[in-house]
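Here's the structure, in structure tokens; my notes come after.
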Amino acid sequence: MISDKQYKGLSDSVYWLDPKHGDYAPEMRKGSKFNYKGETYKILRTENNSKNGMQAMAVAPIDKHGKVDTTEVIIAYAGTNFSDTIVKIVNVITEYIFQIKRNNLLNNSAWLLLIVNI
């Protein structure tokens with residue numbers, strides 16, 4: 001069983017799947033092996049979804065004999081990128097305002113009040 005600290009480190013390494021990340025590692029793909037703090041892991045599967053921003057990987061530790069221990073599969077995932085979140089929030093608000101204005105759901109004074117409160 002891995003510790004919380006090890007899991008956090010594995011989750012941090014998920015960012016290496018993103019080509020836009022400074023620590024991008026193209027060798028981090030399904031079937032490859034990597035070392036983290038003295039432990040070797042095999043990547044069983046990766047996900048780097050540019051549409052929804054999900055980045056994750058399933059890994060299994062490799063024992064000293066080179067055997068992959070699939071009884072202890074670890075699913076590690078990246079947290080939310082703050083800048084991505086802000087962009088998504090702005091897009092949602094913009095679309096919401098557009099729908100309100102397009103459907104003429106607010107009169108001009110209410111529209112102005114809505115904009116000021118955002």
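We use all heavy atoms of the structure for the numbers below, so side chains are in, but hydrogens, waters and symmetry mates are not.
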Quick one, Phe34 with Ser13, criterion side-chain contact (heavy atoms from CB on, under 4.5 Å). Give me CA distance, side-chain angles, the key distance, then yes/no. CA-CA 10 Å; Phe34 73 100; Ser13 67; 4.2 Å; yes
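- Electrostatic pairing of Asp4 and Lys8 does not count as a salt bridge here, judged by no charged N lying under 4.0 Å from a carboxylate O.
- Tyr24 and Val14 fall into different hydrophobic clusters, defined by Ile, Leu, Val, Met, Phe, Trp and Tyr side-chain heavy atoms under 4.5 Å apart, directly or through other members.
- Minimum heavy-atom separation, Ala56 to Met54: CB-CE, 3.9 Å.
- Closest non-hydrogen pair, Glu47 versus Asn49, comes out as OE2-CB, 3.4 Å.
- Annotation: the span from Thr40 atom OG1 to Lys64 atom NZ amounts to 13.5 Å, rounded to 0.5 Å.
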Report the C-alpha separation of Tyr15 and Asp23 in whole Å, then their side-chain angles, then the decisive distance to 0.1 Å, and conclude whether the side-chain contact (heavy atoms from CB on, under 4.5 Å) test is met. CA-CA 7 Å; Tyr15 289 102; Asp23 292 325; over 6 Å; no
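- A donor-acceptor pair is defined here as one N or O able to donate and one able to accept, closer than 3.5 Å; such a pair exists between the side chain of Asp63 and the backbone of Gly66.
- With rounding to the nearest 0.5 Å, the separation of CG in Leu10 from OH in Tyr77 is 13.0 Å.
- Leu44 and Ile62 fall into different hydrophobic clusters, where Ile, Leu, Val, Met, Phe, Trp and Tyr residues are linked whenever their side-chain heavy atoms come under 4.5 Å apart, directly or through other members.
- Judged purely by atom type and a 3.5 angstrom limit, Ser32 has no side-chain atom pairing as donor or acceptor with the backbone of Met28.
- For Lys30, there are no side chain to side chain donor-acceptor pair (under 3.5 Å) partners, not counting sequence neighbours.
- Connection of Tyr7 to Val73 is not established within any shared hydrophobic cluster, with ILVMFWY side chains joined at heavy-atom distances below 4.5 Å, either directly or through further cluster members.
- At a threshold of 4.5 Å between side-chain heavy atoms, the hydrophobic network of Ile, Leu, Val, Met, Phe, Trp and Tyr places Ile43 and Ile75 in two separate groups.
- Between Lys42 and Val68, the closest heavy-atom pair is CD-CG2, 3.7 Å.
- Closest approach of Asn48 and Leu17 over heavy atoms only: ND2-O, 3.1 Å.
- With contacts defined as side-chain heavy-atom distances shorter than 4.5 Å, the pair Glu39/Gln6 qualifies.
- Nearest heavy atom pair, residue Val59 against residue Tyr41, reads CG2-CD2, 4.0 Å.
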